[in-house]
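Please read the structure below before turning to the comments.
When a ligand or atom number is given, it counts from 1 through the structure's own listing order. Just so it is clear, the values below take in all heavy atoms, side chains as well, and ignore hydrogens, waters and symmetry mates.
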Amino acid sequence: MSDLYLRLVNTPVGKTAAQSLGLPAPVPLKRLKRVDQPFIEGDVLIGAAAGGKAVAALGSILGASAATLHHASGTESLKDSSKAVNKAKPLELTGDIDQKFSALVFDATGIKSPDDLRALYDFFHPTIKKLGTNARILVIGQDPQTCRNAPQAAAQQALEGFVRSAGKEVGKKGATANLLWMAPGAEKQLDSSVRFFLSTRSAYVSGQVVRISKGTATPATNPVAPLAGKVALVTGASRGIGASIARTLARDGATVIGLDIPPVMEELQKVTDAIQGKALACDITDTAAPKLIADFVAEHFEGLDLVIHNAGITRDKTLGNMPEHFWDMTIAVNLSAEEVIDEELMHRELLRENGRIVCISSISGIAGNFGQTNYSTAKSGVIGYVEAMAKHMKNGVTINAIAPGFIETQMTADMPITIREAGRRMNSLSQGGQPIDVAEAIAWYCSPASNGVNGNIVRVCGQSLIGK
Ligand code: NAD
């Protein structure tokens, strides 16, 4: 769906009119144009609180990028941290700063008490106004659950409030702010997440916190086709977000089985033919569905690597007016089906080592929504399912969820105009997301290099004002 307001407000006349009327003036988001595009370009400033543990890893990740690196001078822990950071140009944060930064990256893992939080102010206060449009703020902290004492846990938890507020300040520039909470010793697992959050692939992801654990050894990946040799199942793949996920995983090298209900086979076939994938007609709520899917996988492939539970429906009504089949269908499609399909695939050992399961929740599952008790119940259940399953995953398999906000699809096009317009603007970036934004986040979860990313619920919502 096209966003007419976004286009109008970015004309010279529209911009002036929006400014004088105090209306939101969203900046068009830059998205990936070519798969071989560098993940970040321009001037990037790195800083660290004393004792930062991630700075060497950050230096080597950023050192391999096309960016011009600067480091905040006087930052003790940057010394001797990595060749890349040492080669970076020192930048005095007290004087005039000429650069327009494409990213500000801060290693806050060394922060051990509330007093240490001053390092955030010292780094970001002189630089935040120097962020360019579509720029990135990325803070690396230590997962508070792994902190040794209360002051350290408090200070690390405080990073969440900082990043969420910074995201709200920079959103008007189309810029984002996110936080990676590392477990001790998980530095080697930062690579895929740092690349994702600094790149245009995360254009509509802001105000998010990701936990990164030590994971297993990180394999070297082909940067252009990281999913080569992988087999993916995408449910609800005939249109909208599902079609975009199927195309994106195929772009990254995976062979995709697209699944959808029998009445939409023509549309599904078009999607899968274009990516040399396979189409599977199946209603995931049928009792025979898990076996049908498992048999299909066993017949055509030796196993599956990526399972993307995207199929979903809404059947909105206030609870007192809701017919029982609205309740039952919504829970069955959005929640119960995922569980029984995973169970069958795992029972038959069809989900291969280092596999990935990704579920789709929704901000309605986080914040609740008028007229959506059924949908919000199911989408909250998805979060519970992912968090519980993540603790029991074996063989390098991970499970995570995406909670989309307002994404421009048929589902949102069908909304009444006032609700649609409110949904689009009520986020830090003042615009709706595109299906590709959800698909890119799923591709990041699916990367073989993301094996330390497990049990996360990441919102792709432009930092919606609704919910946490
Ligand atoms: P959509 O309605 O465009 O597509 C959903 C797909 O799921 C369709 O192809 C449909 O045929 C398929 N499907 C429905 N029931 C099925 C069943 N029983 N068996 C197999 N396939 C079935 O929706 P979308 O906007 O692309 O949403 C995709 C996912 O993202 C859903 O889980 C949705 O709840 C979630 N989501 C979307 C938004 C948004 O703004 N669009 C926001 C939050 C969450």
Side-chain angles (χ1 to χ4, degrees), residues 1 3 204 233-248 257-272 279-290 292-293 308-316 325-326 328-338 340-341 358-369 372 374-383 385-386 401-415 419-420 422-424 426-427 431-439 441-442 457-462 464 466-467:
M1 266 216 71
D3 181 346
Y204 200 59
L233 170 72
V234 181
T235 69
S238 72
R239 66 178 200 179
I241 294 172
S244 187
I245 298 167
R247 290 187 204 109
T248 305
I257 305 169
L259 176 155
D260 216 307
I261 46 175
V264 299
M265 268 313 97
E266 209 177 305
E267 291 92 319
L268 179 66
Q269 199 75 54
K270 276 189 201 146
V271 173
T272 51
L280 173 59
C282 172
D283 179 334
I284 55 169
T285 63
D286 274 355
T287 44
L292 188 135
I293 295 168
I308 320 299
H309 293 292
N310 162 77
I313 57 162
T314 48
R315 290 292 181 274
D316 298 357
H325 70 281
F326 270 30
D328 292 341
M329 270 180 82
T330 308
I331 302 288
V333 177
N334 294 292
L335 179 60
S336 321
E338 311 188 349
V340 288
I341 292 168
V358 184
C359 300
I360 310 288
S361 177
S362 163
I363 53 170
S364 298
I366 294 169
N369 203 10
Q372 290 198 322
N374 50 357
Y375 184 71
S376 305
T377 300
K379 293 299 191 183
S380 265
V382 168
I383 294 173
Y385 175 65
V386 166
I402 295 294
F406 183 98
I407 306 295
E408 305 279 0
T409 66
Q410 200 50 50
M411 201 184 244
T412 45
D414 292 342
M415 289 175 169
I419 299 179
R420 187 167 71 230
R424 268 188 184 141
M426 280 170 59
N427 58 73
Q431 58 197 288
Q434 297 294 330
I436 187 70
D437 299 326
V438 177
I442 289 174
I457 316 299
V458 166
R459 289 169 47 156
V460 177
C461 66
S464 170
I466 303 167

>> Using the side-chain contact (heavy atoms from CB on, under 4.5 Å) criterion, which residues pair with T272? Sequence neighbours excluded.
In response: L268, Q269, A279

Heavy-atom closest contact ([X] atom, [Y] atom, distance):
X    : Y    : value
K379 : I360 : NZ-O, 2.9 Å
G423 : F406 : O-CB, 3.6 Å
E338 : C359 : OE1-SG, 3.4 Å
I363 : C461 : CG2-CB, 4.3 Å
M265 : L280 : CE-O, 4.0 Å

Which residue and non-hydrogen atom of the protein lie closest to [atom], and at what distance in Å?
atom                    : answer
atom 43 (C) of ligand 1 : P404 O, 3.4 Å
atom 23 (O) of ligand 1 : M411 CE, 3.8 Å
atom 19 (N) of ligand 1 : I284 N, 3.0 Å
atom 17 (C) of ligand 1 : I261 CG2, 3.5 Å
atom 22 (C) of ligand 1 : A311 CB, 3.7 Å
atom 41 (N) of ligand 1 : T409 OG1, 3.0 Å
atom 30 (O) of ligand 1 : I360 CG2, 3.4 Å

> Is the shortest distance from a heavy atom of G405 to ligand 1 less than 4.0 Å?
Replying inline: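 G405: in contact with ligand 1 (<4.0 Å).
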
> Does at least one non-hydrogen atom of K379 fall below 4.0 angstrom from an atom of ligand 1?
Replying inline: yes

Hey, does [X] come in under 3.5 Å of ligand 1, counting only N/O atoms on both sides?
X    : answer
S238 : yes
I407 : yes
Y375 : yes
R239 : yes
F406 : no
I241 : yes
S361 : no

Taking [Y]'s backbone N and O only, do any of them form a donor-acceptor pair with [X]'s side chain (distance below 3.5 Å, no angle check)?
X    : Y    : answer
T235 : N310 : yes
N334 : I313 : yes
N427 : Q431 : yes
R315 : T330 : no
S364 : S376 : no
S464 : I466 : yes

> atom 11 (O) of ligand 1: which of N310, D260, D283 has the nearest heavy atom?
Replying inline: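 Checking each option, the heavy atom nearest atom 11 (O) of ligand 1 is found in D260.
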
>> For atom 5 (C) of ligand 1, tell me which residue out of A237, C461, G312, A243 has the closest non-hydrogen atom.
In response: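 The nearest heavy atom belongs to G312.
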
Could you list the atoms of ligand 1 found under 4.0 angstrom from a heavy atom of [X]?
X    : answer
G240 : 26 (O)
V333 : 15 (N), 18 (N)
I313 : 14 (C), 15 (N)

> Under a 4.0 Å heavy-atom limit, does C282 contact ligand 1 with its side chain, its backbone, both, or neither?
Replying inline: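 Backbone only.
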
Listed pairs under 3.5 Å, donor-acceptor, residues 236-245 side chains, sequence neighbours left out:
| unit_1 | atom_1 | unit_2 | atom_2 | d |
| --- | --- | --- | --- | --- |
| S238 | OG | D260 | OD2 | 3.0 |
| S244 | OG | I436 | N | 3.4 |

